[in-house]
Every structure is written in C-alpha cells, then in structure tokens.
Amino acid sequence: MATQGQVITCKAAVAWEPNKPLSIEDVQVAPPQAGEVRVKILYTALCHTDAYTWSGKDPEGLFPCILGHEAAGIVESVGEGVTNVQPGDHVIPCYQAECGECKFCKSGKTNLCGKVRSATGVGVMLSDRKSRFSINGKTIYHFMGTSTFSQYTVVHDVSVAKIDPAAPLDKVCLLGCGVPTGLGAVWNTAKVEPGSIVAVFGLGTVGLAVAEGAKSAGASRIIGIDIDSKKFDTAKNFGVTEFINPKEHDKPIQQVIVDLTDGGVDYSFECIGNVSVMRAALECCHKGWGTSVIVGVAASGQEISTRPFQLVTGRVWKGTAFGGFKSRSQVPWLVEKYLKKEIKVDEYITHNLTLGEINKAFDLMHEGGCLRCVLSTDA
Ligand SMILES: NC(=O)c1ccc[n+]([C@@H]2O[C@H](COP(=O)([O-])OP(=O)(O)OC[C@H]3O[C@@H](n4cnc5c(N)ncnc54)[C@H](O)[C@@H]3O)[C@@H](O)[C@H]2O)c1
Ligand SMILES: N[C@@H](CCC(=O)N[C@@H](CSCO)C(=O)NCC(=O)O)C(=O)O
Ligand SMILES: [Zn+2]
Ligand SMILES: [Zn+2]
C-alpha cells in the first residue's frame with residue numbers, strides 16, 4: 001500500500017487548550033510501530049466524555065490533544081507483530097483495551113485491562129512513551145488511546161475490534177462507547193432480572209441505552225428522571241414507562257421515587273455525572289437489596305457521599321466502565337446484534353455533520369434535541 005511505512009498528513013480537530021474551539025489542522029500521523037495499528041477513521045460520534053475532557057475538568061486531560069473515542073474505520077497499516085487485524089479490516093477503536101493476558105483480563109472479574117492503560121492515560125503509545133501525532137514537529141497528545149477526531153489515528157492492537165464488513169460504519173461507530181455502556185450497565189454490571197423496577201437518571205444516549213437494556217431484561221417499570229421534560233417523548237421509544245422531572249417536586253427526588261415504588265427501586269443508574277444525583281440514585285433504592293450503578297463521569301475534585309447506614313441496610317453501590325463489556329471480544333458481537341435488529345443504534349443518531357463542523361456538533365450536544373451527532377471525516 002502506498003502509505004504503508006510513511007508519515008500521513010491528514011486533517012484532524014486539535015484541542016489546543018481547554019474550552020478553546022477545536023481547530024482543524026494538517027496533522028502528521030507517524031506509521032504504526034510494533035503492536036500498533038493505523039486506522040483510517042471514516043465516522044466518529046461525540047460523547048459527553050469528550051466535552052468533559054475538553055472542559056479542563058478531567059485530571060487526565062492533556063493539551064494539545066486530539067479527542068474522540070466513539071468511531072469506526074478501516075485499517076490502513078499495521079506494525080510488526082500485529083496478528084489480530086490487517087489492512088482493509090473494518091474496525092471499531094476501543095478505549096477500554098482487552099489483551100487477554102494481564103491480571104485484569106485473566107481475573108474473569110472485570111473488563112478493565114491493564115496492558116496499555118498507563119500510556120493511554122498520559123496521551124502516548126506504550127512502546128516508546130511517545131505520541132504518533134505531531135504538527136510540524138510539535139507533539140499532539142493522544143486521548144483515551146483512540147483520538148478519533150482525525151482522518152487517521154494510531155491505536156494499540158489490543159485496543160481495536162475487528163467487525164463484520166457488512167455493518168454500516170456511519171451507524172456502528174456508536175458501538176464504540178455510549179450504547180454498549182448503557183446496555184452493559186444493565187446486563188453485565190447490575191444483571192437486572194425480569195420484573196425489576198428500574199430508575200434511570202439522565203435520559204441522554206447512555207440513559208436511553210440503559211432503558212433499552214432494562215426493557216430487554218424484562219423490567220416491569222422503568223422510571224426515567226431528567227430535568228428536561230422534552231426528553232420524555234423520545235424516552236418512551238426506548239422503554240421508559242414513567243417520567244419524573246425533579247424540578248416539578250418539592251420533596252427530594254429519592255423520596256418521591258421511594259413513595260412511588262413501595263419502598264424503592266430494585267436498580268438505579270446515574271447517567272449524568274452529577275454527584276448529588278448519584279446520592280439520590282443510591283438512596284432511592286430498596287432497603288435490603290437495591291443496587292445503584294454509577295455510569296456518569298464526575299469532574300476532578302467531586303466526591304460521592306451518603307450515610308453508611310444506607311449500605312449497612314443492604315443497598316449496593318457499584319460503577320461501570322464501557323458497561324462491563326470486554327471490548328475486542330464483545331464489540332463484534334454487539335455489531336452482529338445490531339445487524340440482526342436485536343439492538344437499536346440508528347435511533348440514537350439525531351444529527352450528521354462533518355469533521356470540519358465539529359464545533360457546531362459540540363454546541364448541539366448541549367441542546368436538548370441532540371442525542372448522538374455522527375461526523376463523517378471527509379475533508
Ligand atoms: N462509565 C462509562 O463508561 C461511560 C461511558 C459513556 C459516557 N459516560 C458518561 O455518562 C454520562 C452521560 O453521557 P451522555 O452522553 O448520555 O450525556 P448527555 O449529556 O447526552 O445526557 C445527560 C442527561 O442528563 C440530564 N440531566 C442533567 N442534569 C440533570 C439532573 N440534575 N437531574 C436529572 N437529569 C439531568 C440532561 O438533561 C441529559 O438528558 C456522562 O457523564 C458521560 O461522561 C460514561
Ligand atoms: N480520565 C477520567 C476518566 C473518566 C472515565 O471514567 N472514563 C470511563 C469511560 S467514559 C467514556 O465515555 C472509563 O472507561 N473509565 C475507566 C478507565 O478510564 O480505565 C477521569 O479521571 O475522570
Ligand atoms: Zn464515551
Ligand atoms: Zn489485559
């Protein structure tokens with residue numbers, strides 16, 4: 001292939017500093033080294049976590065960097081020793097790696113992988129602790145080991161899932177983060193049983209995927225909570241059966257829910273990233289068994305609290321990353337489920353723009369009508 005082994009200059013959206021509009025730059029992308037894969041990104045969506053890091057509140061945020069972690073593309077070239085993918089394969093980059101060999105992967109207890117995390121947390125590749133992105137010699141850092149707001153990116157081989165080439169990349173890019181996170185929070189982390197009463201705080205993409213997962217798990221009631229009442233109509237299509245807007249109640253929201261459910265819900269999910277809501281989500285759970293799962297990402301310095309009595313009396317507090325899915329083995333399975341129409345994906349896409357319009361896409365994220373905005377990376 002003509003570009004193999006060469007530096008590729010392509011367009012990427014660079015975050016030079018927190019909150020400053022991203023700028024489309026000509027970026028040099030170095031060839032993949034041993035154990036690395038260079039991917040031509042065709043479609044990338046925006047997730048709330050990109051906005052979080054861009055805001056400067058992420059303790060791991062490094063600038064300048066190329067954000068983005070919910071995407072799909074085609075392998076352009078591979079470095080030495082890479083056996084799991086080859087040029088031409090259709091892939092989804094995975095911010096949560098899966099090496100299959102580390103203490104985490106072998107434990108059978110978690111989807112977290114330790115192999116490349118120390119590098120991806122500081123914006124570099126593992127082999128030489130350097131970035132593959134630069135602009136005229138100036139280093140641009142990676143983000144979450146994915147950096148998908150670029151026409152080309154370099155990822156570790158343990159951070160890329162090979163998928164069915166029949167899958168439309170402009171849709172299945174969503175299976176890189178938000179949708180699996182919500183579904184997996186229900187199926188893998190909480191393990192919701194048929195007949196359960198579920199509360200979902202925050203009805204963005206992640207919260208709606210929780211509702212979808214809870215419906216498929218046979219939940220009897222799915223209570224959606226959001227401060228934006230406009231979210232409620234859409235939420236019905238994802239399985240939400242009842243709605244509560246906390247702004248319309250004087251009592252604390254946990255009390256409202258406890259009163260409505262004969263003592264509390266079986267499972268609750270916080271899909272916002274607000275630590276006061278995390279407390280409410282725990283405290284609306286039923287005494288003796290209610291389990292609350294934290295999905296939302298809260299800013300540096302934020303802490304959760306509750307009376308320990310809440311846990312002494314049987315409530316359980318948990319969290320989830322990527323919905324507990326093992327990325328390289330299960331993302332292809334999720335793609336197949338989508339192709340068999342067993343899970344929704346298209347329904348979460350409310351907007352389509354181009355990489356050049358990325359700042360508009362971030363503006364849209366903060367408007368109530370936007371779930372996922374998919375960007376094509378055509379120049
Ligand atoms: N743990 C993970 O692996 C993982 C993966 C993806 C996203 N996330 C996190 O999940 C969260 C949700 O992501 P998203 O993309 O769905 O975001 P989003 O912004 O689309 O949705 C958040 C929703 O919460 C609502 N909301 C805000 N404040 C509220 C409050 N006080 N009470 C009730 N509702 C409130 C908003 O109106 C919105 O509908 C973010 O924090 C994101 O960073 C975590
Ligand atoms: N750097 C952040 C971490 C934020 C975080 O928790 N990220 C989630 C994925 S969010 C995707 O939208 C995650 O997978 N966490 C596990 C991990 O990062 O290994 C912070 O420090 O706040
Ligand atoms: Zn995300
Ligand atoms: Zn591992």
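Every number for a ligand or one of its atoms is a count from 1 in the order of the listing. What you see is a predicted model, and the numbers here were worked out from it, not measured in a lab.
Close approach of ligand 2 to P59 is summarised as follows: ligand atoms under 4.0 Å from at least one heavy atom of the residue are 20 (C), 21 (O), 22 (O). Interface atoms of ligand 2 facing Y52, defined by a heavy-atom separation under 4.0 Å, are 20 (C), 22 (O). Residue D58 approaches ligand 2 through these ligand atoms, each under 4.0 Å from one of its heavy atoms: 1 (N), 2 (C), 20 (C), 21 (O), 22 (O). Taking a cut-off of under 4.0 Å to the non-hydrogen atoms of C177, the atoms of ligand 2 that pass are 11 (C), 12 (O). Of all atoms in ligand 2, listed by their number and element, those nearer than 4.0 Å to a heavy atom of C47 are 12 (O). Proximity to H69 (heavy-atom distance under 4.0 Å) selects the following atoms of ligand 2: 11 (C), 12 (O).
The closest protein non-hydrogen atom to atom 27 (C) of ligand 1 is I272 CG2, 3.6 Å. Counting protein heavy atoms only, atom 15 (O) of ligand 1 is closest to R372 NH1, 3.0 Å. The protein heavy-atom contact nearest to atom 44 (C) of ligand 1 is V295 O, 3.0 Å. Looking from atom 10 (O) of ligand 1 to the surrounding protein, the closest heavy atom is G296 CA, 3.6 Å. Nearest protein heavy-atom contact of atom 21 (O) of ligand 1 is G204 CA, 3.4 Å. Summary of contacts: the protein heavy atom closest to atom 19 (O) of ligand 2 is R117 NE, 2.8 Å. Nearest to atom 6 (C) of ligand 1 among the protein's heavy atoms is C177 SG, 3.4 Å. Nearest protein heavy-atom neighbour of atom 13 (C) of ligand 2: A321 CB, 3.8 Å. The single protein non-hydrogen atom nearest to atom 22 (C) of ligand 1 is C271 O, 3.8 Å, given as residue, atom name and distance. Nearest protein heavy-atom neighbour of atom 18 (P) of ligand 1: H48 ND1, 3.9 Å.
Nearest residue to atom 25 (C) of ligand 1 from I227, T49, D226, D50 is D226 (criterion: closest heavy atom). Nearest to atom 13 (O) of ligand 1 by heavy atom, out of I253, V297, V206, N274, is V206.
By the 4.0 Å N-to-carboxylate-O rule, D233 lies close enough to K236 to be salt-bridged with it. A salt bridge is defined here as a Lys NZ or Arg NE, NH1 or NH2 lying under 4.0 Å from an Asp or Glu carboxylate O, and E336 with K340 fails to meet this definition. For K130 and E36, the salt-bridge test fails: no basic side-chain N is under 4.0 Å from an acidic carboxylate O.
Checked against a 3.5 angstrom limit, the closest N/O atoms of F322 and ligand 1 fall inside it. Close N/O approach between V277 and ligand 1 is not found [any backbone or side-chain N/O within under 3.5 Å]. The distance criterion of under 3.5 Å between nitrogen or oxygen atoms is not met by Y95 with respect to ligand 2. The N/O atoms of C370, backbone and side chain alike, include none that comes under 3.5 Å of an N/O atom in ligand 1.
Across F63 and P18, no two heavy atoms sit closer than the pair CE1-CG, 3.7 Å.
For D262, the CG atom is loosely surrounded, since the number of other residues' heavy atoms within 6.0 Å does not exceed 12.
Of the heavy atoms in H69, none comes closer than 4.0 Å to ligand 1. Counting heavy atoms closer than 4.0 Å to ligand 1, residue Y95 contributes side-chain atoms (C-beta onward) but none from N, CA, C or O. Looking at T181 against ligand 1, only its side chain comes within 4.0 Å, counting heavy atoms. Contact annotation for K231 and ligand 1: only side-chain heavy atoms (C-beta onward) come within less than 4.0 Å of the ligand. Residue-level proximity to ligand 2 for H48 is absent, since no heavy atom of it falls below 4.0 angstrom.
Of the protein's heavy atoms, none falls inside 4.0 Å of atom 8 (C) of ligand 2.
Note on ligand 1: G178 sits outside its first shell, no heavy atom being nearer than 4.0 Å.
For the atom pair H156 NE2 and H142 NE2, the distance stands at 8.0 Å (nearest 0.5 Å).
When SG of C105 and SG of C102 are joined through the Zn ion (ligand 4), the resulting angle is 110° to the nearest 10°.
The main-chain N or O of L112 is never found under 3.5 Å from a side-chain atom of R117 such that the two would form a donor-acceptor pair. Under the 3.5 Å distance criterion, the side-chain polar atoms of D89 are left unmatched by any main-chain donor or acceptor of V91. Although no hydrogens or angles enter the test, the distance criterion places no donor-acceptor pair under 3.5 Å between the side chain of T320 and the main chain of V295. Looking only at distances, a side-chain donor or acceptor of N359 sits under 3.5 Å from a matching main-chain atom of L22.
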